[in-house]
Undergrad: 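Before I ask anything, let me first share the structure, which is written out below as structure tokens.
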Amino acid sequence: MSRILLISLLLFTQLLSEEYELGQGVKIPHLPLYIGGYATIDYVKRDDDYNRLRVDEVALIGYGNVDRLSYLAEFEMKESYVKEWGKVEREEHSGRVSIERLYLDYAVNDTFDIRAGKFNTPIGYWSQEPINVLRDSSSNPYLAFIVYPRYTTGLQLSYADTLHTNTSYTLTLQENNDLDDWYNNISVDRHYSGGVEHFLDDALSIKANIGHFRTTDDEEFFYGLAAIQYEQMRYKISAEFGARRGEDIWNVPYALYLQGVWHLKERHDLIGRFEHYKIDEGAKRDEQIGILGYTYRPIYPVALKAEYQAHSYTNENQIRLAFSVMF
């Protein structure tokens, strides 16, 4: 499978023409198909003499539409190369290709859509930006990994009547194994979620989500999340708060983040984020994190990112550098 991905990337480069624009993908002649992709390389240095260089993601994306039907297929090599040194000495190569997303969309009418396959769970705001180059920061808040499954394999029903209301609704249904459960933060064989989003005005929106899932180890959990986002031309502020409960205890009593993005000038962004989360299972943790980051986009599909993370577990303070590109 890894060879297929690499060969596809090589063929993709051969298809490039003078009309190609970086980040837009390539239109395959006579077919409802665009092919694109993205890649990320990052470096981390921690206070405890830990260093890591990795090729974090190399992905190929195909997408297109015919009338009311559209589709997306995304295959990724995650951490295809990792080198660690200092506190830990390790070097690994991996050619494993995973199915990150693979789904069909059908627009029943102007207000109702059905999605079938594997897709990002429509929880909060952060989970809807899975591609590194498009995100404001290079790192993800812990909330996105410990509260809910990031991917759902099943059905998603969406309703949004934008002409008559500022409120939209989503419902997801999964009663089966993940299409590729290796590529998910939580391995599940059942997952149901519901959500509502309301726009108070053109700049301010709020979301609320609830869900239930069962892991492949037959553990059942319930979760809830509330989110808010305010975006203007010069800045964006977003916050999310979530919690997850098992049968007897709150395994994740709380996880939250508050992030601000200031567009200093064209192509230059300053990012600040505060996180606080608590895990009451396994290796219990109660941690606060402060992040200050800077992102430079020489052109939109290319991002150079740097950030400093201050952890309440001080030996985990770190500098993180990343280069991302979409093609």
Side-chain angles (χ1 to χ4, degrees), residues 1-13 15-16 22-26 28 33-44 52-64 70-84 91-105 115-123 126-141 144-145 148-154 156 174 177-188 191 216 300-305 320-327:
M1 189 71 175
S2 61
R3 292 180 180 177
I4 294 175
L5 180 59
L6 290 172
I7 291 171
S8 299
L9 289 171
L10 290 173
L11 290 174
F12 171 79
T13 61
L15 289 169
L16 300 185
L22 187 66
Q24 299 300 312
V26 171
I28 305 302
L33 173 62
Y34 288 83
I35 296 178
Y38 57 90
T40 298
I41 300 172
D42 63 22
Y43 166 73
V44 170
R52 184 193 69 202
L53 176 68
R54 67 177 177 174
V55 179
D56 182 34
E57 53 188 12
V58 178
L60 185 71
I61 301 176
Y63 61 96
S70 60
Y71 66 91
L72 183 143
E74 181 177 354
F75 303 95
E76 180 173 315
M77 286 194 296
K78 183 71 173 175
E79 297 188 338
S80 56
Y81 174 76
V82 179
K83 180 177 176 60
E84 298 172 309
E91 185 172 8
E92 287 189 358
H93 302 262
S94 174
R96 177 168 187 157
V97 177
S98 299
I99 301 172
E100 182 169 358
R101 293 183 289 175
L102 182 62
Y103 60 78
L104 292 171
D105 275 339
R115 176 171 293 179
K118 181 176 181 178
F119 46 85
N120 295 99
T121 304
I123 303 295
W126 196 276
S127 66
Q128 304 309 294
E129 296 183 352
I131 299 176
N132 192 308
V133 68
L134 301 178
R135 293 199 307 264
D136 297 308
S137 65
S138 62
S139 63
N140 295 287
F145 294 98
Y148 56 87
R150 297 186 70 190
Y151 297 94
T152 297
T153 298
Q156 176 180 310
Q174 175 178 345
N177 289 326
D178 196 302
L179 193 59
D180 184 349
D181 60 4
W182 184 85
Y183 201 99
N184 207 347
N185 59 317
I186 303 172
S187 180
V188 298
H191 185 198
T216 51
Y300 184 73
V302 175
L304 300 168
K305 302 178 182 181
R320 185 186 185 104
L321 308 174
F323 169 76
S324 300
V325 60
M326 176 173 281
F327 47 84

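Note that this is a predicted model, so its numbers are computed, not measured. Count residues from 1 along the sequence.
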Undergrad: If you take all heavy atoms of Tyr148 and Ser127, which pair is closest and at what distance?
TA: OH-CB, 3.4 Å
Undergrad: Hey, what do you get for CG (Leu72) to CZ (Phe119), rounding to the nearest 0.5 Å?
TA: 12.5 Å
Undergrad: Show your working on side-chain contact (heavy atoms from CB on, under 4.5 Å) between His191 and Thr121 and close with a plain yes or no.
TA: CA-CA 10 Å; His191 185 198; Thr121 304; 3.7 Å; yes
Undergrad: List the residues meeting ring-ring contact (aromatic ring centres under 6.0 Å, His included) with Phe145, not counting sequence neighbours, and say none if there are none.
TA: none
Undergrad: Counting C-beta onward and ignoring hydrogens, is there a side-chain heavy-atom pair between Tyr300 and Leu134 closer than 4.5 Å?
TA: yes
Undergrad: Would you mind checking if Arg54 and Glu79 are paired as a salt bridge, meaning a charged N to carboxylate O distance below 4.0 Å?
TA: yes
Undergrad: Under the rule for ring-ring contact (aromatic ring centres under 6.0 Å, His included), what residues qualify as partners of Tyr63, not counting sequence neighbours?
TA: Tyr34
Undergrad: How far apart are the C-alpha atoms of Val133 and Thr40, what are their side-chain angles, what is the distance that settles it, and do they pass the side-chain contact (heavy atoms from CB on, under 4.5 Å) test?
TA: CA-CA 8 Å; Val133 68; Thr40 298; 5.8 Å; no
Undergrad: Have Thr153 and Gln174 got a donor and an acceptor in their side chains that come within less than 3.5 Å?
TA: no
Undergrad: Taking atom types as modelled, find out whether Ser187 and Thr216 have a side-chain donor-acceptor pair closer than 3.5 angstrom.
TA: yes
Undergrad: Determine whether Val188 and Thr152 satisfy the following criterion, side-chain contact (heavy atoms from CB on, under 4.5 Å), listing intermediate values before the conclusion.
TA: CA-CA 9 Å; Val188 298; Thr152 297; over 6 Å; no
Undergrad: Keeping the roles fixed (side chain from Lys78, backbone from Ser98), state whether a donor-acceptor pair exists under 3.5 Å.
TA: no
Undergrad: Determine yes or no for a side-chain-to-main-chain donor-acceptor pair under 3.5 angstrom, with Ser137 supplying the side chain and Ser139 the backbone.
TA: yes
Undergrad: Quick check: closest heavy atoms across Gly95 and Met77, and the distance to 0.1 Å?
TA: O-SD, 4.0 Å
Undergrad: Carefully, step by step, assess Arg150 and Asn184 under the rule side-chain contact (heavy atoms from CB on, under 4.5 Å).
TA: CA-CA 6 Å; Arg150 297 186 70 190; Asn184 207 347; 4.1 Å; yes
Undergrad: Do Asn132 and Tyr38 have side chains that approach each other closer than 4.5 Å (heavy atoms only, starting at C-beta)?
TA: no
Undergrad: How close do Lys305 and Arg135 get, heavy atom to heavy atom, and via which atoms?
TA: NZ-O, 2.8 Å
Undergrad: Looking at every non-hydrogen atom in both residues, tell me the closest pair between Ala59 and Phe327 and how far apart they are.
TA: O-CZ, 4.0 Å
Undergrad: Shortest non-hydrogen contact from Asp180 to Asp178?
TA: N-OD1, 2.8 Å
Undergrad: Nearest heavy-atom pair of Asp56 and Glu76: which atoms, and what distance?
TA: O-OE2, 4.4 Å
Undergrad: In Å, rounded to the nearest 0.5 Å, how long is the span from NZ of Lys118 to CD1 of Ile99?
TA: 7.0 Å
Undergrad: Within this structure, what is the CG-CZ distance for the pair Asp42 and Arg52, rounded to the nearest 0.5 Å?
TA: 5.0 Å
